[in-house]
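Have a look at the structure that comes next, please.
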There are 4 protein chains.
Amino acid sequence: MIKAGIVGGTGYTGIELLRLLVQHPAVQLQAITSRSEAGKQVSELFPNLRGHLDLPFTEPDVETLAACDVVFFATPNGVAMKQVPALLERGVRVIDLAADFRIREVGVWEQWYKMQHACPELLGEAVYGLPEVNRDAIRQARLVANPGCYPTAVQLGFKPLLDAGLLQEESLVADCKSGASGAGRGANVGTLLCEAGDSFHAYGVSGHRHQPEIEQGLSMMSAGGVNQLTFVPHLLPMIRGIHATLYGRLNNPESHSLADIQALYEQAYANEPFVDVMPEGSLPETRSVRGANHCRIAVYRPGNNDTVVVLSVIDNLVKGAAGQAVQNMNIMFDHPESEGLGQVALLP
Amino acid sequence: MIKAGIVGGTGYTGIELLRLLVQHPAVQLQAITSRSEAGKQVSELFPNLRGHLDLPFTEPDVETLAACDVVFFATPNGVAMKQVPALLERGVRVIDLAADFRIREVGVWEQWYKMQHACPELLGEAVYGLPEVNRDAIRQARLVANPGCYPTAVQLGFKPLLDAGLLQEESLVADCKSGASGAGRGANVGTLLCEAGDSFHAYGVSGHRHQPEIEQGLSMMSAGGVNQLTFVPHLLPMIRGIHATLYGRLNNPESHSLADIQALYEQAYANEPFVDVMPEGSLPETRSVRGANHCRIAVYRPGNNDTVVVLSVIDNLVKGAAGQAVQNMNIMFDHPESEGLGQVALLP
Amino acid sequence: MIKAGIVGGTGYTGIELLRLLVQHPAVQLQAITSRSEAGKQVSELFPNLRGHLDLPFTEPDVETLAACDVVFFATPNGVAMKQVPALLERGVRVIDLAADFRIREVGVWEQWYKMQHACPELLGEAVYGLPEVNRDAIRQARLVANPGCYPTAVQLGFKPLLDAGLLQEESLVADCKSGASGAGRGANVGTLLCEAGDSFHAYGVSGHRHQPEIEQGLSMMSAGGVNQLTFVPHLLPMIRGIHATLYGRLNNPESHSLADIQALYEQAYANEPFVDVMPEGSLPETRSVRGANHCRIAVYRPGNNDTVVVLSVIDNLVKGAAGQAVQNMNIMFDHPESEGLGQVALLP
Amino acid sequence: MIKAGIVGGTGYTGIELLRLLVQHPAVQLQAITSRSEAGKQVSELFPNLRGHLDLPFTEPDVETLAACDVVFFATPNGVAMKQVPALLERGVRVIDLAADFRIREVGVWEQWYKMQHACPELLGEAVYGLPEVNRDAIRQARLVANPGCYPTAVQLGFKPLLDAGLLQEESLVADCKSGASGAGRGANVGTLLCEAGDSFHAYGVSGHRHQPEIEQGLSMMSAGGVNQLTFVPHLLPMIRGIHATLYGRLNNPESHSLADIQALYEQAYANEPFVDVMPEGSLPETRSVRGANHCRIAVYRPGNNDTVVVLSVIDNLVKGAAGQAVQNMNIMFDHPESEGLGQVALLP
């Protein structure tokens, strides 16, 4: 059994981790910490866990966490970086679901996250936890930086085309739409049902924190570097789900038919347990991955155009957060990668 | 392994059965029939099943179904009654998720369902599949009539009070609210997103088919008979979930404090794996059972009133349909009652 | 022109007042106050008003408000009572959309609202602003207490039956469902889209502040007094709309057919511009009043029961708040009662 | 008074026309036709109109319609083209809200709409009813082709940039999202609440009927012609609203700052009553135009990119259909362009 702890169990990624871990056959939950709710039963706050989990929130405490094999940080940005070094020293492996270790260059991180990094020396060691890119490194990692939700959907969507060097790199557009759970469980006027429940709008158009994370990832795929990604996130009037609509122009449009590109994707992801390249003509729906760890992808070449369109959907709380974290844990501890992740998406 | 078949796999109860059965460790899916979709892969219609199920819809065919240990009917009312006798003869056990075998008196059934019953002789044998009431009979049954969604929420909600004879029986009110999936997957103007997605209204106020089913069930609990239940269903602008708000006046209000009633409920359901009596002061949310087989209940005595209020929530597609059917199957085949039903509700 | 001011223009009743008043042909908006947003253009906060209103929020200031003919308070409970006396002295008429002046007995008010009343001497003078009950008194009033949303739907729904003395008064049940805008625009975890957007639950079952207001109103209609109303509010996963499902048992069920009761309602509301008694068999939808000042009502006698069921819908922000306030203003200033209230509900 | 008739009053554009026309001070509704509902009161089908409209649906009949000054066709594609010639002959002016007269080349139209055109000779005369482009021609028109919803949002969004010749024309991307009312009121599994109410997906990626309409419009704005527009529509889990996110790369990125482009837009639309260029940094929300005839636009240049992003929102049923039709009617009959279109968007 893998002994697991969660720091910050009261947000949406925390509660989703709980949902997955209580169903995982090889995990024993040791501790869930929350300063604000310490002492309260977890199932009192999240009644869906009644009958599944008999554990109270506890104060964050190094000794308790040090008894774990792995600790997940489901905390706001800037919390994990302060506690991770002590845990690593004690031999605990760490998966951070926040952004503290996602960006390799500390200067870029500090510019976007507006704070000083507490342990920049770990940025080089931390492994970016996108299994489809970094599986081998994840296996050995002490510290995994779990990817952001938009970055997961966008990188998986562009990867085969960029790996093959087919796109004009200054042409990339990622028009992304996310359910409101991506904004977290904090009280906030902008994500009230009455504000966001029957409306749609873009946000962060001038610059969103996931932009440098995506660009860093795409650059590693791409020979020439990606320096002009246009990324526009939007808020959907629903709870779960990300839909990335990706656009890129082909370098040699005549040389690559839609069938070629479809084959490229199928081949690229043939052995991936959680990336599903759908048949030509499919329209991936966010509900087809609601509660499940899959990313479903379809590719198009509309009209007589030189543009490729990629549709990529994930559940932002699963493949975009907690599910990917469990997938990373499985890899790190040499368990079957899909263990505990067999949930079928809830449809309807 | 239990070899299972599904007749009518294209509606919402059918697809929910599929979601549960593909995750059930002791079930082997043999056949899923659909006249309209025969030949098509199930996962083509329901992409959430991609990677979980590799089976096409087939024409309904007695020989195929006769090879099953159990056949679920997820068909419109009036279909199962025509096919069940042949299957029973072949030694197949049947669970009907429609209403064909729920009402014991054929005259009542024919009046409400506006057709002639094809095998009234089976109405006496059919067991009403509410495990909390009929567990022993279900174990032996060849033919189980799986309860309706409203009837499940209402009967579980009233049961302890009626069993104990505490209510004035002419005072019962069941004000029920259901998500739109209860109305099925048929194309229908009234359940379009644009009609039902931002509105709320009652329906069937003059008479709803679940009324005789509920009254039949409540009568069996109650010494004096229930002959004045007032039942008003409403349509919620959401997909899954039933909330029954139940009212009844106490015969002897002074003799039964709220604490007494709370204790009565906790005792009545102490050993039930899927009925959760929540602590005093709880407010059951439909999302706390979304995708899960639980019924969660809270009891109240507001003000200095002689009225008891019971709040009872289920997922209409799980405890109100497919989950309860799987629970019945587990009982019938002497498997652990909770096997394959460990899903944690999806929250948020 | 009626010179109008609004105190507290940043909540949902405030912004709804603005929507109605900028379209009112006889109103000149003089001032909208908000401590938190003073100096900012109203349309910057509420872009639906761009092009309709060129006015900034200002600090609350007696001099500015004293120049108005009427001041609306769209403030939290407990604010108006501190400012109203000074305005009345200056000859300004006041309509309070909060609860400060709704309850006649100061002791009851203080018990439910958990604070000391600042001007109990005005409670006797304040007129409860339900035009269908108090039209003549409203016309003369200096101070109108605009009714709560639930109380409006429930009182209009029960009124004809209670006026006629037909109900057993200890039998009344009001099962009410409200959109989330009734909870206001404050940042609050419970009304986040992710918490309330795909779920349904009751609240305030042990006691809700609208209970004494409703009981006070029903008592005045009823010969024998109403002392056992059972009132259960629920939160709908939508923004606007209240649906009250009302139950009461007839004293003499044989003497009053459904047709009699239908006629009673049609007669009672024959001259009311904003109460619409729908034909027998109608199912009022909340969307049929979305954005409009109507209350639509249907009556039923299900089964062979002695129970009457009344369905009553309003838009909680219009007839349940801002629209009713404008209706009261029209009455107070001897304008046509429907002036500026001709909005057709937005459907779909 | 303008005497107006509506052919096909039972769909969403029909009912929206009714909502607007009953509030229009200069319109007298003469007739509303519907084959399927003839004889029924309009307000029976659409209870939001109770108290506002006392008119039954009638059979479509040339004599009745010939008594109108203007007839609106709110019918499926292919209906208007059969009836319009007879009405024009009788001197009636026509506004077609369907697509019959939007495309100038009959071959293109027949290819996309898969039927033979019944009166191709009128395609040259018909005026494309986008007032911001064709106001003078509309004034004189006998026959106005009211634009589609996506085309309205996209054309208004791109217009100033294309008129000024600033964009690389092969670079245009229109990523569009629409509420479900755009799909009409027909019974359809895909737009059931249970299918579309908690999900998001693209559709028509390989080709959508609005593509040739948009390209025709953009071409007229643009010197070089637009021949590579990439247009991807998506279905939002809500009822009303279109959000177009538009991308284009600048020919001379160094020569045009964001401030220049903002000024270009403000100047271009300075005198337009229904196009609102919002201040820099604004994020237009669909709810800011819900029920109103405005198009709200914001422009961005994210990062150090050569790409311009335009955000353009409309209510698909108002500026995208019925509201624009009324605006066209006002222009045709020399009434103030905003008459009857003063509705403030419903927010929240």
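Letters A, B, ... are given to chains in the order of the sequence lines, protein chains preceding strands, and every chain is numbered from 1.
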Inter-residue atom distance A/His294.NE2 - B/His52.NE2, 0.5 Å rounding: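 With rounding to 0.5 Å, NE2 (A/His294) is 5.0 Å from NE2 (B/His52).
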
Greatest number of heavy atom pairs closer than 4.5 Å to chain B - which of A/Ser288, A/Gly179, A/Ala292, A/Gly51: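 Answer, by heavy-atom pair count under 4.5 Å with chain B: A/Ser288.
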
Best-contacting candidate, B/Asp276, B/Val344, B/Val22, B/Ile239, against chain A by heavy atom pairs under 4.5 angstrom: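 When all of B/Asp276, B/Val344, B/Val22, B/Ile239 are compared, B/Val344 has the most.
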
CD on B/Gln343 to CD on A/Gln23, rounded to 0.5 Å: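 Going from the CD atom of A/Gln23 to the CD atom of B/Gln343 covers 7.0 Å.
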
Top contributor to chain B interface from A/Val289, A/Ile15, A/Leu317 [non-hydrogen pairs under 4.5 Å]: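 If we count pairs closer than 4.5 Å to chain B, A/Ile15 comes out on top.
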
Any side-chain heavy-atom pair of B/Arg50 and A/Met278 under 4.5 Å: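 The answer is yes, as the side chains (C-beta and beyond) meet within the 4.5 Å cut-off.
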
Most chain A-contacting option - heavy-atom pairs closer than 4.5 Å, from B/Gly291, B/Pro273, B/Ser282, B/Ala345: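 When all of B/Gly291, B/Pro273, B/Ser282, B/Ala345 are compared, B/Ala345 has the most.
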
Atom group of A/Glu285 that falls short of 4.5 Å from chain B, counting heavy atoms: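 Interface part for A/Glu285: side chain.
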
Residue A/Glu280 excluded, over 12 heavy atoms near CD under 6.0 Å: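 More than 12 within 6.0 Å, yes.
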
Between CZ on residue A/Arg296 and CG on residue B/Asn48, distance to nearest 0.5 Å: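 Those atoms lie 7.0 Å apart.
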
Interchain contact, A/Leu347 with chain B, by part (heavy-atom threshold 4.5 Å):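 Both the backbone and the side chain of A/Leu347 come within 4.5 Å of chain B.
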
Heavy-atom side-chain contact between A/Arg240 and B/Leu346 under 4.5 Å: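 Yes - at least one pair of side-chain heavy atoms lies under 4.5 Å apart.
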
